[in-house]
Amino acid sequence: MYDTLIIGGGVSGMSCALVLGSAVKKPFVADKKIGIITHQKTSSLQEALFNNAYGIPAGTLGSDLLKDSLTQLSELYPHIDQIEGEKVIRIEGKFPNFNVVTNKNSYATKSIVVAIGYSNTFDIHGLMEFVETHKKTLPEKQRIQLKNTDHLVTEGIYVAGTLAGWRSQLSIAAGSGAAVATDILTLWNNGIQSQSHDKIQK
C-alpha cells in the first residue's frame, strides 16, 4: 500500500516527487511509501526548448530534462519507487483505499496525484466525471482540466500542472507539483503547515 502514488513523469509529477523525496528525514515522512508512474511519452517536454525558465541553462532540451529528472530522483531519493513502462487506465475505490490499475499491474494507495498533460485524449476511468474544459487555453485547442479546488479533486485525489488548470509554462507546472507535495506533507503532519528545504551546512 502506497501512502501516495504520483501518475506522470513530466514536470509537475517529478517536481512533486522530488519535494516529497527530500522530506524523508522528517519524522512524519520517514515511514511513508511513495511511488511515481513515470510515463513520459506524451509529455510536451519531448519537443520543448528552454531559454526562459528560471534556473535552467538556456538551450536546454525538454527531452534531456525528462531523463535527467529521473536520474536525479533515483540518485537522491532511491526510496521512491519509479514504475516505468506502464499507463494508467483506471482508478477504483475511494480515500484511503484506492486501486490504480495500469495496462500491466494494479497498485493500492491511500492518495493519488494526477500529473499528466491536458490533452483531450485523457481517458482514465474513475476520473472522467471531473473532466471540464480548460479555462486558461484557447478554446480551439480543446484542452481539458480536472475540476479541483486548490489542486484537490476529491478526498485523496490531487491534480497538478496543466491538468489542474494552469498554463503550459515549465515554471508554473513545477510550482504546481511542488504545491501539491507540500499539501501532502501538511496532511501527513497532522495539518501543521509543512514544506521541505535543503540548506548549506555551516
Side-chain angles (χ1 to χ4, degrees), residues 1-40 43 69-70 72-74 76-102 104-117 122 124-127 130 145-164 166 173-198:
M1 169 72 79
Y2 285 101
D3 288 279
T4 196
L5 183 61
I6 302 164
I7 301 171
V11 177
S12 59
M14 293 304 296
S15 177
C16 184
L18 287 164
V19 172
L20 290 176
S22 70
V24 66
K25 293 182 180 179
K26 295 181 183 293
F28 58 88
V29 180
D31 64 340
K32 296 296 188 285
K33 184 172 174 61
I34 304 164
I36 179 168
I37 297 173
T38 58
H39 190 269
Q40 295 183 331
S43 172
S69 64
L70 293 174
Q72 181 181 354
L73 184 65
S74 63
L76 290 178
Y77 313 118
H79 62 285
I80 294 185
D81 291 342
Q82 291 191 35
I83 301 164
E84 301 177 4
E86 298 187 30
K87 182 180 180 181
V88 175
I89 57 175
R90 187 169 69 253
I91 291 174
E92 304 167 337
K94 60 183 181 179
F95 178 79
N97 292 296
F98 293 106
N99 192 41
V100 175
V101 181
T102 75
K104 296 180 181 179
N105 294 294
S106 63
Y107 303 92
T109 183
K110 295 178 182 177
S111 67
I112 298 166
V113 179
V114 187
I116 58 179
F122 181 92
I124 298 178
H125 295 277
L127 293 178
F130 302 110
Q145 64 183 55
L146 297 186
K147 297 175 186 175
N148 70 93
T149 301
D150 194 20
H151 294 106
L152 187 64
V153 176
T154 189
E155 189 174 18
I157 300 179
Y158 301 85
V159 61
T162 55
L163 194 62
W166 297 109
S176 174
V180 170
T182 59
D183 286 344
I184 292 170
L185 293 177
T186 297
L187 180 68
W188 289 347
N189 197 21
N190 295 316
I192 299 171
Q193 297 296 329
S194 303
Q195 56 276 318
S196 180
H197 300 296
D198 294 317

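Model, not experiment: these values are computed from the prediction.
Residues forming a salt bridge (Lys or Arg N to Asp or Glu O under 4.0 Å) with Glu84 (at least two apart in sequence, or on another chain): none. Partners of Ser196 by side-chain hydrogen bond (donor to acceptor under 3.5 Å, both in side chains), not counting sequence neighbours, listed by chain and number: Ser22. Partners of Lys147 according to the side-chain hydrogen bond (donor to acceptor under 3.5 Å, both in side chains) rule, which considers only residues two or more places apart in sequence or in another chain, do not exist here. Partners of Gln72 by side-chain hydrogen bond (donor to acceptor under 3.5 Å, both in side chains), not counting sequence neighbours: none found. A search for side-chain contact (heavy atoms from CB on, under 4.5 Å) contacts involving Ser74 returns Gln82, not counting sequence neighbours. Scored by the side-chain contact (heavy atoms from CB on, under 4.5 Å) test, Asn105 finds Glu86, Thr102, Tyr107 as partners (sequence neighbours excluded). Legend: residues meeting side-chain hydrogen bond (donor to acceptor under 3.5 Å, both in side chains) with Thr182, ordered by chain and number and at least two apart, are absent. Legend: residues meeting salt bridge (Lys or Arg N to Asp or Glu O under 4.0 Å) with Asp183, ordered by chain and number and at least two apart, are absent.
Side-chain contact between Leu73 and Leu18 is present, with at least one heavy-atom pair separated by less than 4.5 Å. Between Ile157 and Leu146 there is no side-chain heavy-atom pair separated by less than 4.5 Å. No side-chain heavy atom of Tyr2 sits under 4.5 Å from any side-chain heavy atom of Val100.
Between the Ser111 side chain and the Pro96 main chain, no donor and acceptor come within less than 3.5 Å of each other. A donor-acceptor pair under 3.5 Å is absent between the side-chain atoms of Thr186 and the main chain of Gly191, judged by distance alone. Judged by distance alone, the side chain of Asn99 and the main-chain N or O of Glu92 form no donor-acceptor pair under 3.5 Å.
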Scan the side chains in residues 25-33 for donor-acceptor partners under 3.5 Å anywhere in the protein, sequence neighbours excluded, and list what turns up.
unit_1	atom_1	unit_2	atom_2	d
Lys26	NZ	Gln195	O	3.3
Lys32	NZ	Phe28	O	3.2
Lys33	NZ	Asp81	OD2	3.0

Show me the donor-acceptor pairs, under 3.5 Å and distance only, between side chains in residues 5-12 and residues at least two apart or in other chains.
none

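Of the inter-residue distances, the one linking Ile112 atom CD1 with Thr4 atom OG1 reads 8.0 Å to the nearest 0.5 angstrom.
Tyr77 and His79 have perpendicular rings, their planes meeting at more than 60° on a 0 to 90° scale where under 30° would count as parallel.
Residue pairs satisfying the side-chain hydrogen bond (donor to acceptor under 3.5 Å, both in side chains) criterion with at least one member in residues 151-163, sequence neighbours excluded, are listed as follows: His151-Trp166, His151-Ser176.
Residue Val180 comes nearest to Val159 through the heavy atom pair CG2-O, 3.8 Å, listed as atom of the first residue, atom of the second, then distance. Nearest heavy-atom pair across Gly156 and Leu152 is N-CD1, 4.3 Å.
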